[in-house]
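Worksheet: one structure, shown below.
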Protein chains: 2
Amino acid sequence: MPLWRVFIFASVALNVAALPLLLHQYIVNQPHHPGVVSPDQQRHACAPQPGTSGAAARAPSTGKPSVTSDSVINLDHGDPTMFEAFWRETGDAAELVIPGWQTMSYFSDVGNVCWFMEPLFDQQVRRLHRTVGNAAVDGYHVLVGTGSTQLFMAALYALSPADADQPTSVVSTAPYYSSYPAVTDFLRSGLFRWAGDANSFVGDSYIELVCSPNNPDGAIRDAVLSSGAGKAVHDLAYYWPQYTPITRRADHDIMLFTVSKSTGHAGTRIGWALVKDREVARRMTKVRGLNTIGVSKDSQLRAAKVLGAVSDGYDVGGGGASRHRLFDFGRRKMVERWRMLREAAAASGIFSLPEETSGRCNFANETAANNPAFAWLRCDREDVEDCAGFLRGHKILTRSGNQFGADPRYVRVSMLDRDDAYDIFISRLASLK
Amino acid sequence: MPLWRVFIFASVALNVAALPLLLHQYIVNQPHHPGVVSPDQQRHACAPQPGTSGAAARAPSTGKPSVTSDSVINLDHGDPTMFEAFWRETGDAAELVIPGWQTMSYFSDVGNVCWFMEPLFDQQVRRLHRTVGNAAVDGYHVLVGTGSTQLFMAALYALSPADADQPTSVVSTAPYYSSYPAVTDFLRSGLFRWAGDANSFVGDSYIELVCSPNNPDGAIRDAVLSSGAGKAVHDLAYYWPQYTPITRRADHDIMLFTVSKSTGHAGTRIGWALVKDREVARRMTKVRGLNTIGVSKDSQLRAAKVLGAVSDGYDVGGGGASRHRLFDFGRRKMVERWRMLREAAAASGIFSLPEETSGRCNFANETAANNPAFAWLRCDREDVEDCAGFLRGHKILTRSGNQFGADPRYVRVSMLDRDDAYDIFISRLASLK
């Protein structure tokens, strides 16, 4: 064998050997959510890249690499790539074309409180909520944000009195979404401060975050605190028919939504808030103006296109109902995945899951089960106190319960990854004893 | 005349009468920059919109409404719509097509410190800097942000010691960009705090913001402070050949850029940082992760396309140089507009402008003048102490010098608006005595 062949062989072999290690390191060290990148990870990953070309760089990204039966399976984040299969089927229904000269201005709608919001986006948000019946829109302001996380921070700003001596306490019932404490506290704001579990909070002045269905455990929730001086922010990211029965038209003061979980377009980073009060809407707009001087118009237009395609699927009255129905696809997948998961947990014998609940879904006009976007999995083996560590040992990456203010015997598992990764997860889980 | 005709006539007349008033109210009350929307403005503008359809809402936005010789001319913001004319000429060279299923994941590049950055964007940023020669890229991390404002906040976070007793002082030489104090202080962070003019700062530990060419006055600047514990952030948003001669390849520790000012795509909200230090890059990435969980991939792909089209215009070596050359267009426009402005100021007799400076431009390979994106205009009339107020009385909206830590006899005027608005501004200015 000539020397160059030996070289190439050795090089390829080394790369293959190094890949799982790198991937493992990358994924394991992500403590909170996509936003929190650990130092270990950086050390491997962040060498400056002097090259400007290379075939790999010439195409848009595809997300996490594909997996095989030996791969580390990363279900730590709620990366909603399950929905790709649906959108591939829709052809050009949700395709966006942006000419080079379009939407160059900072301004979208100089007459609106959200002067940077595309009118098309506003229109399609209202249309979809009317189609699904999950939230009231009449009398509400629609505000667009770079993901619902930015809107959550904007709501904290808007609801915290500017003249208070002390930062306003921010609370949520445990287990609570792991981003809430991190986003609240990372800039050490003098306006608001994380104060933990709502159930143990004492005081009159607070902001309660109510996530329903709840991240991480899928529970249907109401606010637990009530006082004249307290405020609630309702995070309804998962209140869509693929995850839960739509039992009522929500009409809270501030409601947050995101395309990440409704349609699966996480990379588009578009969220929206429905806000009743004009002054609150104004203050929330100020934050997004200062923080990022508005929100990407390209993504607003894409979100409008995608939301419009979803509504088109159910536009029976308009005669234009398409055969592509996102919520039907989503519910079918979620029912199937939850069935697989419950079977795998039973086969294994060492895991337990929240009991299945159901309700009358006004959208589907039938009784439907709650099929949460995350599984809140408990490891029942006496000798396992750290379920995330135990699963990591079996190359399954999840988020530990202690990041949600809960017992580390619990983990949160994303149910929204691609089929290949989900199937490997299921068979691996079933084999654990 | 039948009654219905009278009605229609009265209705149209009322609308026409109300329009300038509304527009004036909207624009006048915007004190800082697009992000700060005043209460007065809201009162007019933010009635919830119950309607979901209507022809007006079916197209992407076009920015501010077009103007006539009687209009209020808003040159308060640096809205870079001047560049639309260039991009309209380029046909589909910068057109972006995004299929419905593309870039749905949170992740773009799991092996990079910026796990949410599209490799295409990284590649085109490096290519353009190499083409222009305005900044070093080898050995630098490219970080993408939702506008350079978010990156500026990320830099403050990254450079502020987490364990300090006191917030780090943030300073800049006056006149400084009006957003710097606002963005630094709006969340009352315990990590950093605005401390005003760098020239009057006393202490060792600080973050100095160096904007060059400077917003608002176009001056070429270097850091004025130096100490072992101090850090500098270089905002090079305007260091492009249409505005200033490229005299050297900048190689500072942290350099900020944005497509808003380089190509005119403000609505895309994409900025980038070139960062030398790995740990700083890591901490800056953490902020953008927490704040918005990454950056719109649609806009990253659009920015990549646009930056690529700019480089293509000058790709002589590759044989593919197109006839569309952004910097040639931009310089031609800026030279012409500055000539018009100086003539108008001379015709009026009551205004003065910074003296013209020039230098050897390595990019154009000739001597070129500094043609700033903003004019720093001084009203010399003895009885005018508030130049912005004086101009507002003549339906020209500018930003007062006092928002930049300077004398209110000065105003900042955007030089980047569309031709029609700019021409009206010039003729109106020339007539003021």
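Letters go in sequence order (proteins before strands), and every chain restarts at 1. None of these values were measured; they are calculated from a predicted model.
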Of the listed residues (A:M104, A:R188, A:Q102, A:R88), which shares the most heavy-atom pairs with chain B below a 4.5 Å separation? A:M104
Which one, B:A304, B:G264, B:S260, leads in non-hydrogen pairs under 4.5 Å with chain A? B:G264
Say whether, by atom type as modelled, one donor and one acceptor occur between the side chain of B:S108 and the main chain of A:S61 under 3.5 angstrom. no
Are A:K286 and B:F186 side-chain neighbours, meaning at least one heavy-atom pair lies under 4.5 Å? no
Between CH2 on residue A:W101 and OG1 on residue B:T62, distance to nearest 0.5 Å: 9.5 Å
For chain B, which candidate among A:L301, A:T263, A:L187, A:V306 shows the most heavy-atom pairs at distances under 4.5 Å? A:L187
With chain B, the option among A:E95, A:E89, A:R302, A:K305 that has the most non-hydrogen atom pairs under 4.5 Å is A:R302
A:P60 vs B:E118 side-chain heavy atoms within contact, under 4.5 Å: yes
Max heavy-atom pair count under 4.5 Å with chain A, selected residue of B:A94, B:P167, B:G271, B:P80: B:A94
d(A:D298 CG, B:H265 NE2) to nearest 0.5 Å is 8.5 Å
Report which part of B:T81 has an atom under 4.5 Å of a heavy atom belonging to chain A: side chain, backbone, both, or neither. side chain
Taken to the nearest 0.5 Å, the spacing of B:T146 OG1 from A:R269 CZ works out to 9.0 Å
Chain B: which of A:G190, A:G63, A:S299, A:G78 shares the most heavy-atom pairs with it under 4.5 Å? A:S299
Distance in Å, A:E84 CD paired with B:T103 OG1, rounded so as to fall on 0.5 Å steps: 9.0 Å
Hey, could you give me the CZ/OG distance between A:R418 and B:S105, rounded to the nearest 0.5 Å? 6.5 Å
Using heavy-atom distances under 4.5 Å, tell me whether A:F83 contacts chain B through its side chain, its backbone, both, or neither. both
Under 4.5 Å from a heavy atom of chain A, the part of B:A162 involved: both
Taking side chain as everything from C-beta outward and backbone as N, CA, C, O, which of these in B:D79 sits under 4.5 Å from a heavy atom of chain A? Side chain, backbone, both or neither. both
